[in-house]
Amino acid sequence: MDSLLYDLPALTIRRISVSEMDNNVYLLTAKGSGQVLIDAADDLPAIQQLLQDGAADTSAPARLAVVATTHQHWDHVRALKELVAATGASTVAGTDDAGALPVAVDRPLGHGDTVAVDGFSLTAVHLRGHTPGSTAFVYEDPEGPTHIFSGDSLFPGGVGNTQKDPERFSQLLSDVTERLFGAYPDSAVVHPGHGKPTTLGAERPHLEAWRARGW
């Protein structure tokens, strides 16, 4: 299956689904040479094929510069150690999840930090609740919609699992409301950790219903 989702002016976005958990792995490849992979979830050979596919998106020699992890849960990190060993890429993750990852995190991220590679940059958005350090990565395309890689914090139809903890749910919904819906336009595309994409505009009318139902 073709992994190409978007061919944007400055970069391409590719996605594959791996494992029995239907985990999304995203690859952003600049038209320069920088690559960022988001969530090395599982299946190193499939990820290596994704990197090869992405390398064809640029005329320059592509290089995996950064592996970004949205959160610490095991199903999102099963290929992380192998991928870092194979590529030498640096690693980033939210500060409060960094210590739980199977590799040393080269740069723990706080809310609003920027991850810059050759050709583009991503903004880290801390979304507390699914895990303490869950982080979305946001690419603001100067010529089109913003792209939000939300991990397991925002999906079509609701926020991520907070194990029926009302405080965690309230925190996650508040962060998502303020830091995503309050910061980016309806046209922003949401790329979740599992399943299909959506937009902020498609989900915005349901925020109060999510709060009322409690999940």
Side-chain angles (χ1 to χ4, degrees), residues 1-8 10-94 97-98 100-109 115-122 124 130-131 133-139 147-153 155 189-197:
M1 185 177 70
D2 189 0
S3 61
L4 183 61
L5 281 177
Y6 294 92
D7 187 3
L8 307 178
L11 56 79
T12 61
I13 300 173
R14 290 180 176 269
R15 178 192 71 181
I16 58 172
S17 173
V18 298
S19 87
E20 72 285 359
M21 301 287 287
D22 186 26
N23 288 85
N24 288 325
V25 179
Y26 297 98
L27 179 67
L28 284 62
T29 302
K31 301 298 175 69
S33 63
Q35 288 183 311
V36 174
L37 187 130
I38 299 175
D39 282 354
D42 199 11
D43 196 344
L44 181 64
I47 292 175
Q48 290 174 321
Q49 182 60 55
L50 177 65
L51 293 173
Q52 290 183 28
D53 293 346
D57 297 335
T58 172
S59 58
R63 181 180 70 88
L64 180 61
V66 175
V67 181
T69 300
T70 61
H71 65 291
Q72 62 176 274
H73 282 161
W74 66 276
D75 58 309
H76 291 262
V77 300
R78 284 179 283 181
L80 179 57
K81 187 174 183 179
E82 290 178 293
L83 181 63
V84 170
T87 64
S90 67
T91 53
V92 299
D97 275 12
L101 299 191
V103 298
V105 172
D106 296 310
R107 186 183 169 204
L109 300 172
V115 179
V117 301
D118 180 21
F120 66 98
S121 65
L122 302 173
H130 182 65
T131 66
S134 283
T135 298
F137 296 95
V138 179
Y139 172 63
H147 292 266
I148 300 169
F149 301 88
S150 60
D152 285 2
S153 291
F155 295 96
V189 182
V190 178
H191 302 277
H194 308 263
K196 295 181 179 180

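Heads up: numbering here begins at 1 and tracks the sequence. Quick caveat: nothing in here was measured; it's all calculated off a predicted structure.
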Subject >> Residues which pass ring pair (Phe, Tyr, Trp, His ring centres under 6.0 Å) with F137, listed by chain and number, not counting sequence neighbours >> reply: none

Original post:
Does any pair with a residue in residues 22-72 pass ring-ring contact (aromatic ring centres under 6.0 Å, His included), and if so which ones, sequence neighbours excluded?
Top reply: Y26-F149, Y26-H191, H71-H73, H71-H76, H71-H130

Subject >> Approximate separation, where rounding is to 0.5 Å, of I16 CD1 and N24 CG >> reply: 9.5 Å

**OP:** Identify the heavy atoms of T58 and A30 that sit nearest to each other, and give their distance.
**Re:** CB-O, 3.5 Å

Subject >> Straight-line distance of Q49 CD to D43 CG, nearest 0.5 Å >> reply: 11.0 Å

Subject >> Working for side-chain contact (heavy atoms from CB on, under 4.5 Å), residues L11 and Y6 >> reply: CA-CA 8 Å; L11 56 79; Y6 294 92; over 6 Å; no

**OP:** Applying side chain to side chain donor-acceptor pair (under 3.5 Å), name anything that partners T70, two or more places apart in sequence or on another chain.
**Re:** D39

**OP:** Kindly give the heavy-atom pair with the smallest separation between A93 and V105, and that separation in Å.
**Re:** N-CG1, 3.8 Å

Subject >> Distance, nearest 0.5 Å, that separates CG of D22 from NZ of K196 >> reply: 10.0 Å

**OP:** Apply side-chain contact (heavy atoms from CB on, under 4.5 Å) to the pair N23 and H194, showing each step before the final yes or no.
**Re:** CA-CA 5 Å; N23 288 85; H194 308 263; 3.2 Å; yes

Original post:
Can you name the salt bridge (Lys or Arg N to Asp or Glu O under 4.0 Å) partners of D118, sequence neighbours left out?
Top reply: none

Subject >> pair L37-L50: side-chain heavy atoms closer than 4.5 Å >> reply: yes

Original post:
Got a second to check how far I38's CD1 is from S150's OG, nearest 0.5 Å?
Top reply: 10.0 Å

Subject >> For D75, all residues meeting salt bridge (Lys or Arg N to Asp or Glu O under 4.0 Å), sequence neighbours excluded >> reply: none

Original post:
Of all residues at least two apart in sequence or in a different chain, which pass the salt bridge (Lys or Arg N to Asp or Glu O under 4.0 Å) check with D42?
Top reply: R78

**OP:** Taking side chain to side chain donor-acceptor pair (under 3.5 Å) as the test, write out the residues that go with S153, two or more places apart.
**Re:** none

**OP:** Write down the atom of F155, the atom of P192, and the distance for their closest heavy-atom approach.
**Re:** CD2-CB, 3.6 Å

Original post:
With sequence neighbours left out, what residues match T12 under side chain to side chain contact (heavy atoms under 4.5 Å, CB included)?
Top reply: L4, D7, T29, K31, D57

Original post:
Would Y139 and I148 satisfy side-chain contact (heavy atoms from CB on, under 4.5 Å), going step by step from the backbone distance to the final call?
Top reply: CA-CA 6 Å; Y139 172 63; I148 300 169; over 6 Å; no

Subject >> Shortest non-hydrogen contact between A60 and G32, atoms and distance >> reply: CB-O, 2.9 Å

Original post:
side chain to side chain contact (heavy atoms under 4.5 Å, CB included) with L44: which residues, sequence neighbours excluded?
Top reply: Q48, E82, L83

Original post:
Do I13 and L8 come within less than 4.5 Å of each other through their side chains, counting heavy atoms only?
Top reply: yes

Original post:
Any side-chain heavy atom of V66 sitting closer than 4.5 Å to one from T91?
Top reply: no

Original post:
Should V77 and P102 count as side-chain neighbours, where that means a heavy-atom distance under 4.5 Å?
Top reply: yes

**OP:** Look only at the side chain of S90 and the backbone of A65, and say whether a donor-acceptor pair between them is shorter than 3.5 Å.
**Re:** yes

Subject >> Considering all heavy atoms, the nearest E20-W74 contact >> reply: OE2-CH2, 4.1 Å

Subject >> Pairing residues for R63 by the salt bridge (Lys or Arg N to Asp or Glu O under 4.0 Å) criterion, not counting sequence neighbours >> reply: none

Subject >> Close side-chain approach of Q35 and L51, heavy atoms under 4.5 Å >> reply: yes

Subject >> D97 and T69, any side-chain heavy atoms less than 4.5 Å apart >> reply: no

**OP:** Output all residues satisfying side chain to side chain contact (heavy atoms under 4.5 Å, CB included) with A56, sequence neighbours left out; order by chain, then residue number.
**Re:** none

Original post:
Who passes side chain to side chain contact (heavy atoms under 4.5 Å, CB included) against A100, sequence neighbours left out?
Top reply: Q72

Subject >> Shortest non-hydrogen separation from V67 to L80 and the atoms involved >> reply: CG1-CD1, 3.5 Å

